[in-house]
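One structure is given here, and the rest of the page talks about it.
Owing to the predicted nature of the structure, the values given are computational and were not obtained by experimental measurement.
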Amino acid sequence: GKLDAGAAEATLGRISTATDVASGSSGAHLVIEAVPERLEMKVETFRRAAGAAGDGAILASNTSSLPVTAIAAAVPQPERVVGLPFFNPPHLMPLLEIVSAQQTAPWVVEASLEFARRIGKEPIVVQDSPGFATSRLGLALGLEAMRMLESGVAGVADIDRAMELGYKHPMGPLKLTDLVGLDVRLAIAEHLTAELGERFRPPALLRRMVRAGWLGQKSGRGFYLWDDQGARPADRMEDRPRP
């Protein structure tokens with residue numbers, strides 16, 4: 001219901017699919033990977049894409065926290081590798097972060113800026129560092145919201161409304177965590193804990209929920225219960241994960 005039939009058909013006409021990385025990357029000028037947050041998987045994906053896309057193609061990672069410099073170091077022509085993490089939800093949020101690795105060539109940053117503006121995004125450029133800007137700031141807020149819920153400061157809906165109404169965030173930190181995926185946020189938190197210290201240590205609540213398979217919207221349950229009717233807070237006593 002977001003597009004009329006003509007716009008939807010035109011959009012689908014511009015999309016093609018493939019079942020392997022090489023054929024999907026063949027002839028591309030820009031390849032953006034969005035595989036799970038595992039360094040070895042991202043490196044292997046780029047290795048397969050690099051040859052198929054050609055020497056002049058830009059290889060961009062959607063990673064939220066992994067070092068783009070380490071990804072670049074493992075592929076041919078590392079100077080063409082850049083980070084392009086989209087901010088969630090990407091079809092609504094204007095921000096596109098451009099992460100310049102140690103090896104990234106200036107022309108790649110410039111081309112990425114041009115690409116961002118062409119698709120209607122507002123880009124920022126940051127240097128490769130743990131969590132970059134968006135993940136680092138967003139995760140700090142999300143983890144603190146979880147700690148507040150865990151200690152009984154307020155319920156799910158009220159914590160989220162505090163940021164939506166008080167700070168004009170389009171979505172509260174707990175609902176955003178559901179959208180991103182609790183497993184994804186846990187992996188990012190563990191990585192940033194190793195890189196930056198205890199302030200990013202995941203709350204026990206987050207670990208228990210991931211262990212239970214309550215991963216957010218994609219599993220139907222996280223800090224909210226998700227169904228065809230939308231989302232409702234899952235913070236009644238019977239909905240809370242137990243130790």
Side-chain angles (χ1 to χ4, degrees), residues 1-2 15 17 19 21 32-42 44-45 61-66 84-93 95 97 131-132 134-164 169-194 200-243:
K2 297 293 192 296
I15 297 172
T17 63
T19 56
V21 175
I32 305 175
E33 66 77 18
V35 301
E37 288 287 278
R38 297 199 292 273
L39 182 61
E40 66 279 3
M41 183 180 289
K42 292 184 181 292
E44 180 59 26
T45 299
S61 176
N62 190 54
T63 182
S64 300
S65 63
L66 295 176
L84 288 182
F86 286 73
F87 202 51
N88 269 306
H91 63 294
L92 297 178
M93 302 301 288
L95 176 64
E97 198 170 25
F132 318 132
T134 53
S135 289
R136 192 161 166 178
L137 291 169
L139 185 66
L141 179 59
L143 294 178
E144 189 59 28
M146 295 174 211
R147 295 186 188 103
M148 290 170 64
L149 178 66
E150 194 172 42
S151 61
V153 172
V156 168
D158 286 336
I159 290 172
D160 276 353
R161 278 199 293 263
M163 299 310 298
E164 293 165 359
H169 288 202
M171 183 181 297
L174 297 174
K175 184 173 281 189
L176 179 59
T177 296
D178 269 15
L179 185 68
V180 171
L182 276 71
D183 52 336
V184 175
R185 283 230 145 157
L186 176 58
I188 295 170
E190 289 176 332
H191 174 70
L192 291 188
T193 299
F200 287 101
R201 182 165 296 281
L205 174 62
L206 177 59
R207 293 188 185 280
R208 292 199 303 270
M209 293 177 73
V210 171
R211 195 177 299 132
W214 298 355
L215 307 181
Q217 185 180 33
K218 62 187 173 187
S219 70
R221 184 171 190 159
F223 294 105
Y224 290 79
L225 301 175
W226 297 84
D227 55 32
D228 293 340
Q229 305 304 312
R232 63 187 188 279
D235 58 353
R236 300 191 307 273
M237 289 302 295
E238 62 268 27
D239 290 327
R240 289 185 180 177
R242 300 179 184 276

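Scanning both residues, T63 and P85, for their nearest heavy atoms gives O-CB, 3.4 Å. Looking at every heavy atom in both residues, L206 comes nearest to P202 through CD2-CB, 4.1 Å.
Using a 4.5 Å heavy-atom cutoff, the side chains of L141 and H169 are in contact. Looking only at side-chain heavy atoms (C-beta outward), L84 and S61 stay at 4.5 Å or farther from each other. K175 has its side chain out of reach of L179: every pair of non-hydrogen atoms, C-beta onward, lies at least 4.5 Å apart. Side-chain contact between H191 and L139 is absent, with no heavy atoms from C-beta onward closer than 4.5 Å.
Going from atom CE of M146 over to atom CG of L182 covers 6.0 Å, rounded to the nearest 0.5 Å. With rounding to the nearest 0.5 Å, the separation of CZ in R161 from CE in M163 is 14.5 Å. For the atom pair CZ of R185 and CE of M209, the computed distance is 13.0 Å after rounding to the nearest 0.5 Å. The structure places CD of E97 at 8.5 Å from CZ of F87, a figure rounded to the nearest 0.5 Å. We find the CD1-CD distance between I159 and E164 to be 11.5 Å, quoted to the nearest 0.5 Å.
Between E144 and R147 there is a salt bridge, with a side-chain nitrogen of the basic residue lying less than 4.0 Å from a carboxylate oxygen of the acidic one.
E33 and T45 are not linked by any side-chain donor-acceptor pair at a separation below 3.5 angstrom, with hydrogens and angles left out of the test.
Between the D178 side chain and the F223 main chain, a donor and an acceptor come within less than 3.5 Å of each other.
Exactly one of E37, R207, R201 qualifies for a side chain to side chain contact (heavy atoms under 4.5 Å, CB included) with E190. That residue is R207.
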**Message:** Walk me through whether I188 and F200 qualify under side-chain contact (heavy atoms from CB on, under 4.5 Å).
**Reply:** CA-CA 9 Å; I188 295 170; F200 287 101; over 6 Å; no
**Asked** Would F86 and I32 satisfy side-chain contact (heavy atoms from CB on, under 4.5 Å), going step by step from the backbone distance to the final call?
**Response** CA-CA 11 Å; F86 286 73; I32 305 175; 4.2 Å; yes
